[in-house]
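This is a predicted model, so every value here is computed, not measured. In what follows, chains carry the letters A, B, and so on, assigned in the order in which the sequence lines appear, proteins first and then strands, with residues in each chain numbered from 1.
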2 protein chains.
Amino acid sequence: MKISEIRNKLIEKGLKVTPQRIAILEAIIKLNNHPTAENIIDYIRNNHPNIATATVYKVLDALVVNELIKKVKTERDVMRYDAVMENHHHLYCSESNRIEDFFDKELNEMIDKYFENKKIPDFKIEDVKLQVIGKFLKDNE
Amino acid sequence: MKISEIRNKLIEKGLKVTPQRIAILEAIIKLNNHPTAENIIDYIRNNHPNIATATVYKVLDALVVNELIKKVKTERDVMRYDAVMENHHHLYCSESNRIEDFFDKELNEMIDKYFENKKIPDFKIEDVKLQVIGKFLKDNE
DNA sequence: TTTCAAATGATAGTCATTCTCCTATAATAA
DNA sequence: TTATTATAGGAGAATGACTATCATTTGAAA
């Protein structure tokens, strides 16, 4: 993703375009495996040594509120971030902290259809996410 | 659930039966809506004023490791605990911290069948959990 | 009842995240 | 282009959930 695209995303959301926001969004996209705030800080410090930790958290929060990134959380570690906004699920490794995105349109359609026919009493569904826990059979994607 | 049942659960897992463990397990079952460690501490302090905070965390950890309770986590708050071990999913309120258990055998069977036919490449599934996000139409269950 | 591994209590420590408050800077308008 | 101002960022302290440490206690096996 080009910087001009990142810039446009910020403008679309009515957010001021700052070097910090560009650097952080860029980092999440480049790191692309659900980085933690710490991962992001390490990454951007190379090019932006003076960025404050609090700023990173403030920017991440602004990006989440404005739906440019999402938060992902597991049962055992800190908050992580994901720049993929398209509806998707997650594969969680049961032995490590690895998380991968999982896209499956057919599955989504099946689940949507299921809940259309069988409503949950007194509950209005907005979104359904799968957490698929298991083992990766190869070390890296 | 009677205390004798709780006692038996601990013994089955080879855990020593202590008043602290009984009180904490009892609290999670009684509170029954995914309490936080703080909720649990508040609850048991009534009858067990001398229980240490660290003990609560240690006991919770032991119970999770021994599969007597589960951890539940949302995108916005601290760790919560659930005494329901039967396989189930969760309904998350998009506007509050409310979480409810959701059981649906038919759904589980459909999902199992789906993944039997359509494997995820290089991934061995151990468990699939749904996070159903939406709004509750009544204030309390 | 004795023995001792395991559990608890008290408290300090850790560390991710947030708060405070002051300064700097994007975006808009003159 | 400069002035204006709301918004954003920087620095460091504070917060708070959780963990570590270690001395003391206690369940339960022998």
So which protein N/O to nucleotides 19-22 of chain D N/O distances come out below 3.5 Å?
residue: D:dT21; atom: O4; partner: B:K58; partner atom: NZ; Å: 3.3

Please report, to 0.1 Å, the donor-acceptor pairs under 3.5 Å made by any side chain of residues 1-9 of chain B, with sequence neighbours excluded.
residue: B:E5; atom: OE2; partner: B:K2; partner atom: N; Å: 3.4
residue: B:N8; atom: ND2; partner: B:S4; partner atom: O; Å: 3.3

Between atom [atom1] in [X] and atom [atom2] in [N], what is the gap in whole Å?
| X | N | atom1 | atom2 | answer |
| --- | --- | --- | --- | --- |
| B:E38 | D:dC18 | CD | P | 9 Å |
| A:L10 | D:dA8 | CG | P | 11 Å |
| A:I51 | D:dG12 | CD1 | C1' | 16 Å |

### Query
What residues in residues 40-47 of chain A put a non-hydrogen atom under 4.0 Å from any atom of DNA chain C?
none

## Note on the structure
Expected list for residues 15-31 of chain B near DNA chain C, using heavy atoms below 4.0 Å, is B:K16, B:T18, B:Q20, B:R21

### Message
Applying salt bridge (charged side-chain N to carboxylate O under 4.0 Å, His left out), can you list everything that pairs with B:K30, at least two apart in sequence or on another chain?
### Response
B:E26

#### Entry: Partner set under salt bridge (charged side-chain N to carboxylate O under 4.0 Å, His left out) for B:E38, not counting sequence neighbours
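Partners of B:E38 under the salt bridge (charged side-chain N to carboxylate O under 4.0 Å, His left out) test: none.
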
### Task
Just jot down the side-chain hydrogen bond (donor to acceptor under 3.5 Å, both in side chains) partners of B:K70, sequence neighbours excluded, or say none.
none

Residues that [X] engages under side-chain contact (heavy atoms from CB on, under 4.5 Å), provided they are two or more places apart:
| X | answer |
| --- | --- |
| B:L60 | B:I24, B:I28, B:A37, B:I40, B:V56, B:I69, B:Y81 |
| A:E95 | A:C93, A:K135 |
| B:D112 | none |

### Query
If we fit an axis to the first five pairs and another to the last five of the helix from C:dT1-D:dA30 to C:dA30-D:dT1, what angle do they make, to the nearest 10°?
40°

### Query
For DNA chain C, which nucleotides open and close the run of contacts to chain A, 5' to 3', at under 4.0 angstrom from a non-hydrogen atom?
C:dA16 to C:dA27

